[in-house]
Amino acid sequence: MITFNKTDIENKLADTYSFNWTAPSNIAFIKYWGKVDFQLPTNSSVSMTLKNCHTNCEMTVTIDEAHKLSLMFEEQADNKFETKLRKHIDRLSLEYPVLKEFSYKFKTSNTFPHSAGIASSASSMAAINLCLTELLLKLEQVKEDQFFREASRLSRMGSGSASRSLYGGYVDWGKTTKEYGTKVENIHQEFSHVGDAVLIVDSAEKEVSSSRGHQLMMEHPYKEHRFEQANKKCLEMIDILKNGDWKSFIPLLESEALELHGLMMSGQEWFVLMKPNTLSVIDKLKKWRKDTGARVGFTLDAGPNVHLIYHMDDRDKVVSFINQELTALLENGKWIDDQIGTGPQKVSVNE
Ligand code: PMV
């Protein structure tokens, strides 16, 4: 627990102070599925940070022992998320009691549509925790050179996959520490310009939350083998990204996505999150790729939508393939055009 002095807060901060950050979503190439304790992953994961799908968070704090909290998502009160956030900050206050000295107003918005089937917990938790970490930095409770590391650790406590949204490019979480994510360095040029076409097969809310999914994984008959395999796959994936080897990348990416869904389907309490059109898209991709040799593979999150991960040099081919062969399989023909991104950004400060 980090102690503080009340007059110190007043000296360091005006009565009311605002923080503003945007943080991106990310797509896991090797998935986090299973957790213990306080959101600690049972295997390591590797993801690519996105560019266009992100959350903006403005946090205004007032020195106030009433310790109130409100959250507006796209100008509307969001009571469910507000309750989650209150619990999160109360939990962080056990480590940083100074957080109890404030009332908070959060305003968040996403660049991607609410019902697009894109999980917003990673980008929103990352943006919110960047604001909280900046508050802690201002109060000298966090050191400057540990800013992103600490923001990643706090984000993880809100949503596991959010720990990977703190850096641009590729991020691993769990290889060296389960506490926070770290940027994968020395990526090959072949993987520096990569697109992600998010094909919206179905935007309805998932039948099974990821929390329940993690829980069920802990009772899964194959769990030990899965955790061991996933850790190996992370090392392989990182090697591939460093060696620029698209030929090995595609099968690893795709078999991992299907393994995640295979695990969901093979537990005692099973569930199927793919839809018939998810399989049709995958099938068409496999055939088309064989004919064209395009550098593109698919991955799936815990839902029916398909992410096509492709080499930017093959973008024109991929986009015309989507338009000609896939849009009929998508909900209102919808897909989100995204790509690798550079990570969070500080928007403004009131100095
Ligand atoms: O961060 P959570 O608890 O929503 O879990 C995310 C799990 C997957 O999206 C399925 C995989 C991942 O690593 O992002």
Side-chain angles (χ1 to χ4, degrees), residues 23-50 53 55 80-81 84-85 87-88 91 110 112 116-129 152-167 170-175 178-182 184 196 198 205-218 220 223 226-227 229-231 233-234 237-238 252-265 267 271-274 278 298-307 309 338:
S25 185
N26 68 76
I27 176 69
F29 289 173
I30 306 298
K31 318 287 178 179
Y32 147 57
W33 202 236
K35 63 178 174 185
V36 288
D37 303 333
F38 198 3
Q39 221 107 261
L40 291 171
T42 40
N43 63 263
S44 48
S45 55
V46 180
S47 61
M48 180 174 89
T49 298
L50 299 183
C53 291
T55 299
K80 203 170 151 201
F81 198 58
K84 185 174 174 176
L85 189 53
K87 269 197 202 144
H88 176 65
R91 197 116 195 214
N110 291 341
F112 47 101
I118 306 276
S120 59
S121 59
S123 55
S124 54
M125 271 299 167
I128 287 168
N129 284 285
S152 172
R153 195 176 71 84
L154 303 191
S155 301
R156 182 212 92 222
M157 297 184 193
S159 158
S161 53
S163 67
R164 299 185 309 240
S165 277
L166 275 295
Y167 303 94
Y170 300 93
V171 181
D172 87 64
W173 170 38
K175 186 164 77 74
K178 293 172 191 284
E179 292 280 326
Y180 47 83
T182 41
V184 183
D196 179 4
V198 192
E205 201 173 323
K206 289 184 289 186
E207 291 145 43
V208 181
S209 69
S210 54
S211 305
R212 181 72 186 133
H214 290 296
Q215 219 174 31
L216 289 172
M217 190 59 218
M218 300 314 292
H220 201 286
K223 68 174 182 179
R226 160 64 189 171
F227 301 150
Q229 277 301 306
N231 285 334
K233 284 186 185 187
C234 276
M237 181 54 81
I238 291 171
L252 182 60
L253 182 77
E254 296 184 343
S255 64
E256 166 64 5
L258 294 175
E259 185 170 313
L260 173 75
H261 284 259
L263 288 163
M264 294 170 187
M265 292 191 278
F271 53 103
V272 182
L273 294 184
M274 289 188 286
T278 310
F298 73 83
T299 186
L300 305 164
D301 221 332
N305 302 322
V306 184
H307 291 245
I309 308 295
D338 213 333

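Worth knowing before you read on, the calculation uses all heavy atoms, side chains too, and leaves out hydrogens, waters and symmetry mates. Remember, it's 1-based here, ligands and their atoms both numbered in the order they're listed.
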Pairs under 3.5 Å, nitrogen or oxygen of ligand 1 with protein nitrogen or oxygen:
unit_1: ligand 1; atom_1: 1 (O); unit_2: Ser159; atom_2: OG; d: 3.3
unit_1: ligand 1; atom_1: 1 (O); unit_2: Ser161; atom_2: N; d: 2.9
unit_1: ligand 1; atom_1: 1 (O); unit_2: Ser161; atom_2: OG; d: 2.6
unit_1: ligand 1; atom_1: 3 (O); unit_2: His214; atom_2: NE2; d: 3.0
unit_1: ligand 1; atom_1: 4 (O); unit_2: Ser210; atom_2: OG; d: 2.8
unit_1: ligand 1; atom_1: 5 (O); unit_2: His214; atom_2: NE2; d: 3.0
unit_1: ligand 1; atom_1: 9 (O); unit_2: Asp301; atom_2: OD1; d: 2.5
unit_1: ligand 1; atom_1: 13 (O); unit_2: Tyr32; atom_2: N; d: 2.9
unit_1: ligand 1; atom_1: 13 (O); unit_2: Arg164; atom_2: NH1; d: 2.9
unit_1: ligand 1; atom_1: 13 (O); unit_2: Arg164; atom_2: NH2; d: 3.2
unit_1: ligand 1; atom_1: 14 (O); unit_2: Arg164; atom_2: NH2; d: 2.8

If we only count heavy atoms from C-beta on, is the Val36 to Lys178 side-chain gap below 4.5 Å?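 Of all side-chain heavy-atom pairs linking Lys178 with Val36, none is under 4.5 Å.
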4.5 Å side-chain heavy-atom contact, Leu260 and Leu300: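 Result no, sub-4.5 Å side-chain heavy-atom pair not found.
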Qualifying residues under side-chain contact (heavy atoms from CB on, under 4.5 Å), relative to Lys84, sequence neighbours excluded: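 Applying side-chain contact (heavy atoms from CB on, under 4.5 Å) to Lys84 gives Phe81, Met125.
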Who passes side-chain contact (heavy atoms from CB on, under 4.5 Å) against Glu179, sequence neighbours left out?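 Partners of Glu179 by the side-chain contact (heavy atoms from CB on, under 4.5 Å) criterion, ordered by chain and then number, come out as Leu40, Arg153, Arg156, Thr177.
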Test salt bridge (charged side-chain N to carboxylate O under 4.0 Å, His left out) applied to Lys233 - qualifying residues, sequence neighbours left out: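 Expected list: Glu256, Glu259.
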Does Arg212 count as lying over the ring of Phe271, i.e. NZ or CZ under 6.0 Å from the six-ring centre, within 45 degrees of the axis?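 The answer is no, since Arg212 fails at least one limit relative to Phe271.
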